[in-house]
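Written below as structure tokens is the structure these notes are about.
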Amino acid sequence: MKSKMALLGIIAILMVVVAASGCTTNNETLLYEYNLTEGDAPNYIGAQNVTVPNGTNNIKVDAQNLEKINSNINQSSVNIYALSIIPVNLTVSGNNTEIQKSYNSSIITVKTIDLINETSPKTISYTFDDTNIKGFLIVNFNAKGMIQIFTS
């Protein structure tokens with residue numbers, strides 16, 4: 001009887017340790033990783049298309065350590081467009097007007113991360129649970145950091 005109680009106690013302790021350490025199963029899969037420092041100088045403009053697999057129910061976008069590159073440029077932002085279509089290559093000229101025209105009817109939502117007044121790196125997460133999202137267009141202007149997209 002004592003051995004059964006001891007065994008149950010050990011199992012309970014192990015369950016607490018595993019739960020506290022974060023070693024639980026997580027069914028998130030890294031879909032895409034984008035290093036924003038890949039934008040082209042002198043304005044460090046970059047754009048990346050990401051296709052979301054069919055049947056995806058939950059999407060998380062993690063933006064990590066975002067900050068402006070050049071303080072002499074009076075703009076710094078990252079725009080994340082969730083689209084109802086698979087995005088295609090697009091030339092970005094420094095403003096979002098062209099993107100709005102090209103994808104206007106396909107934009108489900110836009111998340112804008114403004115970095116112009118940030119004094120320290122910014123980290124933010126967005127969760128999308130819309131099965132109509134078929135892709136993302138990520139546009140960065142004078143920004144560096146990392147964008148990761150996870151699906152589950």
Side-chain angles (χ1 to χ4, degrees), residues 13-152:
I13 291 171
L14 287 174
M15 289 175 62
V16 169
V17 169
V18 168
S21 69
C23 294
T24 57
T25 57
N26 183 342
N27 57 350
E28 285 185 348
T29 302
L30 179 63
L31 175 66
Y32 194 79
E33 188 171 78
Y34 178 42
N35 183 348
L36 299 182
T37 57
E38 294 171 358
D40 295 327
N43 294 328
Y44 305 99
I45 299 170
Q48 191 61 49
N49 305 324
V50 181
T51 301
V52 174
N54 286 334
T56 301
N57 294 332
N58 194 5
I59 305 162
K60 183 173 81 172
V61 177
D62 283 343
Q64 302 164 0
N65 298 316
L66 300 180
E67 55 187 321
K68 61 186 165 206
I69 296 173
N70 185 342
S71 59
N72 295 325
I73 299 174
N74 200 23
Q75 184 180 353
S76 181
S77 62
V78 177
N79 293 305
I80 302 167
Y81 296 84
L83 305 171
S84 62
I85 62 169
I86 296 172
V88 295
N89 288 336
L90 179 69
T91 302
V92 180
S93 62
N95 63 42
N96 294 317
T97 306
E98 182 182 349
I99 294 166
Q100 294 287 350
K101 288 180 190 174
S102 298
Y103 289 110
N104 191 34
S105 63
S106 304
I107 297 172
I108 295 173
T109 188
V110 179
K111 300 293 184 186
T112 299
I113 305 166
D114 186 8
L115 301 170
I116 195 65
N117 295 319
E118 292 298 321
T119 56
S120 61
K122 186 173 188 172
T123 297
I124 192 164
S125 289
Y126 299 108
T127 301
F128 303 90
D129 60 356
D130 190 335
T131 57
N132 293 317
I133 296 175
K134 303 297 181 219
F136 286 94
L137 179 62
I138 303 166
V139 179
N140 56 296
F141 184 82
N142 188 28
K144 66 180 178 177
M146 182 68 67
I147 302 284
Q148 293 179 315
I149 300 176
F150 297 93
T151 60
S152 60

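Positions are given from 1, in the same order as the sequence printed here. Any value given below was found using the heavy atoms of this structure, including those in side chains, with hydrogens, waters and symmetry copies removed.
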Any side-chain heavy-atom pair of [X] and [Y] under 4.5 Å:
| X | Y | result |
| --- | --- | --- |
| T127 | I59 | no |
| I80 | T112 | no |
| I108 | D130 | yes |
| L30 | Q148 | yes |
| Y81 | V139 | yes |
| N74 | I116 | yes |
| I73 | F141 | yes |
| K122 | E67 | no |

**Prompt:** After noting the C-alpha distance and the side-chain angles of K134 and V52, does the key distance pass the side-chain contact (heavy atoms from CB on, under 4.5 Å) rule?
**Reply:** CA-CA 5 Å; K134 303 297 181 219; V52 174; 5.6 Å; no
**Request:** Dump the intermediate steps for side-chain contact (heavy atoms from CB on, under 4.5 Å) on L66 and I113, then the final yes or no.
**Result:** CA-CA 9 Å; L66 300 180; I113 305 166; 3.7 Å; yes
Between [atom1] on residue [X] and [atom2] on residue [Y], distance to nearest 0.5 Å:
| X | Y | atom1 | atom2 | value |
| --- | --- | --- | --- | --- |
| K111 | S125 | NZ | OG | 12.0 Å |
| N140 | K68 | CG | NZ | 15.5 Å |
| Q75 | S77 | CD | OG | 5.0 Å |
| S71 | N142 | OG | CG | 8.5 Å |
| I85 | I107 | CD1 | CD1 | 9.5 Å |

**Prompt:** For the ring-ring contact (aromatic ring centres under 6.0 Å, His included) test, which of F128, Y32, Y126 pairs with F136?
**Reply:**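 With F136 as partner, ring-ring contact (aromatic ring centres under 6.0 Å, His included) holds for just one option, F128.
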Closest heavy-atom contact between [X] and [Y]?
| X | Y | result |
| --- | --- | --- |
| S152 | T56 | O-CG2, 4.4 Å |
| G135 | P87 | CA-CD, 3.7 Å |
| P53 | L31 | CD-CD1, 3.8 Å |
| D114 | S76 | OD1-O, 3.2 Å |
| I133 | A82 | CD1-CB, 3.9 Å |

**Request:** Give the intermediate values and the outcome of side-chain contact (heavy atoms from CB on, under 4.5 Å) for residues T131 and N57.
**Result:** CA-CA 5 Å; T131 57; N57 294 332; 3.5 Å; yes
**Asked** Looking only at atom types and distance, does a side-chain atom of K144 sit under 3.5 Å from a main-chain N or O of L36, one as donor and one as acceptor?
**Response**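 A pair under 3.5 Å: no.
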**Message:** The criterion is salt bridge (charged side-chain N to carboxylate O under 4.0 Å, His left out); which residues satisfy it with K60, sequence neighbours excluded?
**Reply:**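 If we apply the salt bridge (charged side-chain N to carboxylate O under 4.0 Å, His left out) test to K60, skipping adjacent residues, the hits are E28, D62.
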**Message:** Between I147 and V78, is the side-chain contact (heavy atoms from CB on, under 4.5 Å) condition met? List the steps.
**Reply:** CA-CA 10 Å; I147 302 284; V78 177; 4.3 Å; yes
